[in-house]
Amino acid sequence: MTAPEASRDAGARSPDLSLGATFYARPVLDVARDLLGCVVRHGDSAGVIVETEAYHQAEAACHAHVGLTPRTHILFGPPGLAYVYRSYGIHALLNAVCEPEGVGAAVLIRALEPLEGVDAMRARRGLERLEDLCSGPGKLTQALDIELEFNGSDLAAGPIRIEPAAPGWEEIEPVAGPRIGITKAAELPWRFCAPGARSVSRPRPPALRVLRTR
DNA sequence: CATGGGATTGACT
DNA sequence: GTCAATCCCATGC
């Protein structure tokens with residue numbers, strides 16, 4: 001995939017070991033791939049990112065495509081902020097603002113592998129099975145208690161934090177496919193999944209289905 | 001000010 | 001596979 005060495009060097013870490021603004025200031029496709037394996041933490045719960053999607057103002061599926069509005073201004077702001085919005089009137093979806101300030105782009109966090117605080121996740125989701133807790137963009141925000149109030153918050157400073165991937169993730173080749181649930185620019189292969197992950201949302205990319213038969 | 005669409009999920013057929 | 005639930009906000013009258 002991308003050059004992991006260059007990405008790691010470019011992705012400066014803040015003192016608390018969260019990923020810093022220079023990590024997010026890069027091309028949104030690079031960030032979407034490099035976020036696989038990173039850890040989203042909020043309160044006592046945390047999970048490993050196993051699925052992302054990239055959005056950029058140049059294509060119509062991105063909220064920033066319409067330009068600068070009260071709703072989208074966060075997307076054009078400094079990289080490394082959280083963009084949280086309500087989807088279908090029901091779910092809060094978590095994004096990481098990317099590219100330099102002035103460019104509207106973000107990575108949607110679509111699925112996590114539960115890592116810590118699993119019982120709290122179960123309580124908030126009202127479900128038991130591990131694979132059902134964070135296997136979707138609306139599920140993971142419910143599991144981690146992420147709501148609209150965190151829109152514009154700093155993903156390095158918290159309260160929601162994204163931490164670097166554990167060693168070894170830079171060698172993992174993401175499975176790319178078309179983005180899910182959109183009608184515009186649906187042909188772009190800007191969805192990225194970690195191969196072998198059990199908590200990827202549906203529909204699973206064909207490449208993952210093959211890996212999981214037997 | 002009214003309207004309509006959307007980056008979803010879960011229940012049901 | 002189909003469909004309803006339900007809310008923010010952009011757009012247009």
Side-chain angles (χ1 to χ4, degrees), chain A residues 24 27-29 31-33 35-36 40 47 49-77 79 81-99 103-114 121-153 155 160 162 174-194 197-206 209:
Chain A
Y24 299 99
V28 69
L29 288 173
V31 180
R33 284 181 283 244
L35 276 175
L36 295 178
V40 179
I49 299 173
V50 293
E51 180 180 355
T52 62
E53 282 179 0
Y55 288 85
H56 190 283
Q57 63 179 94
E59 43 88 16
C62 182
H63 291 173
H65 190 64
V66 299
L68 196 57
T69 69
R71 184 197 197 189
T72 63
H73 86 274
I74 293 291
L75 285 169
F76 291 88
L81 298 186
Y83 172 56
V84 185
Y85 75 100
R86 189 163 305 290
S87 175
Y88 291 88
I90 299 174
H91 305 101
L93 268 53
L94 173 66
N95 300 251
V97 174
C98 295
E99 309 255 353
V103 179
V107 172
L108 170 66
I109 310 299
R110 282 194 60 90
L112 305 176
E113 206 75 64
M121 292 186 189
R122 288 194 171 109
R124 285 187 285 259
R125 294 275 295 128
L127 293 166
E128 289 299 312
R129 289 177 63 228
L130 206 59
E131 316 89 73
D132 293 335
L133 297 179
C134 300
S135 54
K139 298 177 183 180
L140 70 92
T141 54
Q142 184 183 27
L144 291 187
D145 196 22
I146 293 170
E147 252 301 333
L148 299 191
E149 59 184 300
F150 299 110
N151 187 38
S153 67
L155 290 172
I160 305 165
I162 300 184
V175 176
R179 295 174 294 183
I180 302 304
I182 58 172
T183 55
K184 298 171 256 182
E187 72 288 352
L188 296 175
W190 285 10
R191 179 196 190 197
F192 303 99
C193 298
R198 300 205 311 164
S199 292
V200 167
S201 70
R202 289 160 73 148
R204 314 186 111 92
R209 278 178 227 155

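Just so it is clear: chains get the letters A, B, ... in the order the sequence lines come, proteins before strands, and each one is counted from 1.
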Could you check if a side-chain atom of [X] sits within less than 4.5 angstrom of a side-chain atom of [Y], using non-hydrogen atoms only?
| X | Y | value |
| --- | --- | --- |
| A:E113 | A:R198 | yes |
| A:R179 | A:L108 | no |
| A:L144 | A:I160 | no |
| A:T141 | A:F150 | no |

Set of side-chain hydrogen bond (donor to acceptor under 3.5 Å, both in side chains) partners for [X], sequence neighbours left out:
| X | result |
| --- | --- |
| A:S135 | A:K139 |
| A:R202 | none |
| A:Q57 | none |

Check: Hey, are A:R191 and A:E51 close enough for a salt bridge, meaning a charged N less than 4.0 Å from a carboxylate O?
Finding: yes
Margin query: For DNA chain B, which residues of residues 176-194 of chain A approach it to below 4.0 angstrom with any heavy atom?
Written below: A:I180, A:G181, A:I182, A:T183
Checklist line | Those residues of residues 89-99 of chain A lying under 4.0 Å from DNA chain B by at least one heavy atom | finding: A:G89, A:H91, A:L93, A:N95
Item checked: Interface limits on DNA chain C, where chain A has a heavy atom under 4.0 Å of a nucleotide atom -> C:dA5 to C:dA10
[X]: partners by side chain to side chain contact (heavy atoms under 4.5 Å, CB included), with sequence neighbours left out:
| X | answer |
| --- | --- |
| A:H63 | A:R71, A:T72, A:L75, A:Y83, A:Y85 |
| A:A54 | A:V28, A:L29, A:A32, A:W190 |
| A:R86 | A:E147, A:L148 |
| A:P114 | A:V118, A:M121, A:L130, A:L133, A:C134, A:S199 |

Margin query: Nearest 0.5 angstrom please: A:L94 CG to A:I162 CD1, how far?
Written below: 6.0 Å
Next item on the list: Can you measure from CG (A:L93) to CD (A:E53) and round to the nearest 0.5 angstrom?
Entry: 9.5 Å
Next item on the list: Check whether the side chains of A:Q142 and A:R125 place a donor and an acceptor atom closer than 3.5 Å, and report yes or no.
Entry: yes
Next item on the list: Considering only heavy atoms of chain A and a distance under 4.0 Å, specify the first and last nucleotide of DNA chain B in 5' to 3' order that meet this criterion.
Entry: B:dG6 to B:dG10
Note to self: Please classify the nucleic acid contact of A:R125 as base, sugar-phosphate, or nothing, using heavy-atom distances under 4.0 Å.
What the structure shows: sugar-phosphate
Check: Where does DNA chain B pair, written as one dot-bracket string 5' to 3', with Watson-Crick or G-U pairs under 3.5 Å, ( ) inside the strand, [ ] for crossing pairs and | for another strand?
Finding: ||||||.|||||.
